Asks: 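Below you'll find the structure I mean.
Atoms within a ligand are numbered from 1 in the order they appear, just like the ligands themselves. Because the structure is predicted, anything quoted here is derived from the model rather than measured.
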Amino acid sequence: MSVQLPHILVLATGGTIAGRGDSPLQTIGYRAGQFTVGEMLGELPDISASVRVSGEQFVNLPSSALTPIDWLKLAQRINILLSDSDIDGIVVTHGTDTLEETAYFLHLVVRSNKPVVLVGAMRPATALSTDGPMNLINAIRVAASADAQGLGALVVMNDEIFSARDVTKTSATRLDAFRSPDFGALGSIDNGQVGIYRRLLRKHTLGTVFHISELAKLPRVDIVVGYVGADAVLVKAVLAAGAQGIVLAGTGAGHISPSGDKTLHAAKQRGTIVVRSSRTGGGRILPSPPDDFIACDNLSPQKARILLMLALTVTRDTAEIQRMFGEY
Ligand code: SIN
């Protein structure tokens, strides 16, 4: 009896993994989002003995050009693809700048246990020792692995496997840019062998209340940074732009200047949902009742923003949103 090989679909969105420089030595200042998914897959060694691979071009952009509307369209497309019994997993090629944000969005809204793996590269496809093809083949292997099912969205970079919830880009240039500062990687890929050692307890994918199939846009949520001398200007600007929620990326355990704090509390009184997070890159922010903002737990400000955007699609109840920050 012949056993059907897993079928992995590679959805390409652009980034450095599809980037083109002027010479093999150019690793900064190249053009992201140049090569097509067909060209990227054509660079890989033959793995047809272990996995069937097909490609689809979603967009071809630097990841800083993506918008929340692209997130919705991407997630809607992935949910349709994963409902096809012939597709066993998805790999999303993506620029590394905002890869962790798209990954966490998909982690919360994909309606399937099948693996969704995001991958990028730190060196463009034309560079000497580019990391793109090895990262891509590793991501395909993870997406085809039975062990990767039910883990939510994963990120594969530099031979390591991370949870979308915890991973962040920690260097503008190094090949080992991706880390999970508080918890570490879930596993690795070595000599083509996928090894996953830990599972996430927080809810994701089928365990969330977020259904985006009918959504055309997400509520506006902005991030305001705390720093020495920060006043109320940024808070007032995002409120004027129509923010329904604000994430404070505060100093230390989520602090801001007295005038910034006063303006945020006034915004909260008028119904804006405010989340307290830290710009430090690690550690937990916990609720401190009775009159505090929502606490982000250990989500980074950029991921707290995504959870708040999605939370606002189902509720404006602050107790309910605080509960979500403890669950997701
Ligand atoms: C991008 O995010 O599109 C450019 C940077 C990268 O992919 O590494």
Side-chain angles (χ1 to χ4, degrees), residues 10-44 55-75 77-78 90-107 116-140 142-143 153-162 164 166-181 185 189 223 281 300-303 305-306:
V10 178
L11 260 180
T13 72
T16 293
I17 194 167
R20 187 193 299 273
D22 294 330
S23 85
L25 298 182
Q26 187 179 16
T27 56
I28 290 180
Y30 53 84
R31 296 168 302 287
Q34 301 290 309
F35 291 101
T36 65
V37 66
E39 289 168 320
M40 287 192 291
L41 292 175
E43 289 300 308
L44 300 185
E56 182 175 312
Q57 194 75 46
F58 179 74
V59 289
N60 210 355
L61 294 170
S63 69
S64 50
L66 296 173
T67 68
I69 290 178
D70 293 317
W71 284 345
L72 284 171
K73 288 183 181 159
L74 180 66
R77 181 72 189 132
I78 289 173
I90 301 279
V91 169
V92 179
T93 61
H94 199 288
T96 62
D97 287 3
T98 65
L99 188 148
E100 70 205 64
E101 296 180 46
T102 302
Y104 189 53
F105 183 74
L106 296 176
H107 188 71
V116 174
V117 181
L118 287 92
V119 66
M122 293 302 293
R123 290 183 180 153
T126 47
L128 194 64
S129 301
T130 178
D131 50 332
M134 186 61 107
N135 285 348
L136 179 53
I137 211 158
N138 280 342
I140 292 168
V142 171
L154 299 170
V155 171
V156 166
M157 288 290 291
N158 201 41
D159 301 342
E160 289 189 294
I161 306 162
F162 300 94
D166 306 327
V167 72
T168 191
K169 185 175 180 179
T170 63
S171 165
T173 40
R174 299 282 82 84
L175 294 181
D176 63 347
F178 281 75
R179 309 255 170 97
S180 291
I189 311 102
I223 300 174
S300 64
Q302 57 272 29
K303 290 187 187 169
R305 171 180 178 250
I306 291 165

Asks: Give the minimum heavy-atom separation between A139 and V119, together with the two atoms involved.
Replies: CB-CB, 3.7 Å
Asks: Going by side-chain hydrogen bond (donor to acceptor under 3.5 Å, both in side chains), name the residues that satisfy it together with Q57, two or more places apart in sequence or in a different chain.
Replies: none
Asks: Quick check on ligand 1: any N or O pairs to the protein under 3.5 Å? One line per pair.
Replies:
residue: ligand 1; atom: 2 (O); partner: S63; partner atom: OG; Å: 2.6
residue: ligand 1; atom: 2 (O); partner: T96; partner atom: N; Å: 3.2
residue: ligand 1; atom: 2 (O); partner: D97; partner atom: N; Å: 3.0
residue: ligand 1; atom: 3 (O); partner: S63; partner atom: N; Å: 2.7
residue: ligand 1; atom: 7 (O); partner: T16; partner atom: N; Å: 2.9
residue: ligand 1; atom: 7 (O); partner: T16; partner atom: OG1; Å: 2.9
residue: ligand 1; atom: 7 (O); partner: T96; partner atom: N; Å: 2.8
residue: ligand 1; atom: 8 (O); partner: T16; partner atom: OG1; Å: 3.0
residue: ligand 1; atom: 8 (O); partner: T96; partner atom: OG1; Å: 2.4
residue: ligand 1; atom: 8 (O); partner: A121; partner atom: O; Å: 3.3

Asks: We want to know whether T36 and E39 form a side-chain donor-acceptor pair, criterion being a heavy-atom distance below 3.5 angstrom.
Replies: yes
Asks: Return the OG1 to CE distance between T96 and M122, rounded to the nearest 0.5 Å.
Replies: 4.5 Å
Asks: Go through the structure and list residues passing side chain to side chain contact (heavy atoms under 4.5 Å, CB included) with E43, not counting sequence neighbours.
Replies: none
Asks: What pairs with T168 under side chain to side chain contact (heavy atoms under 4.5 Å, CB included), at least two apart in sequence or on another chain?
Replies: E100, T170, P181, Q302
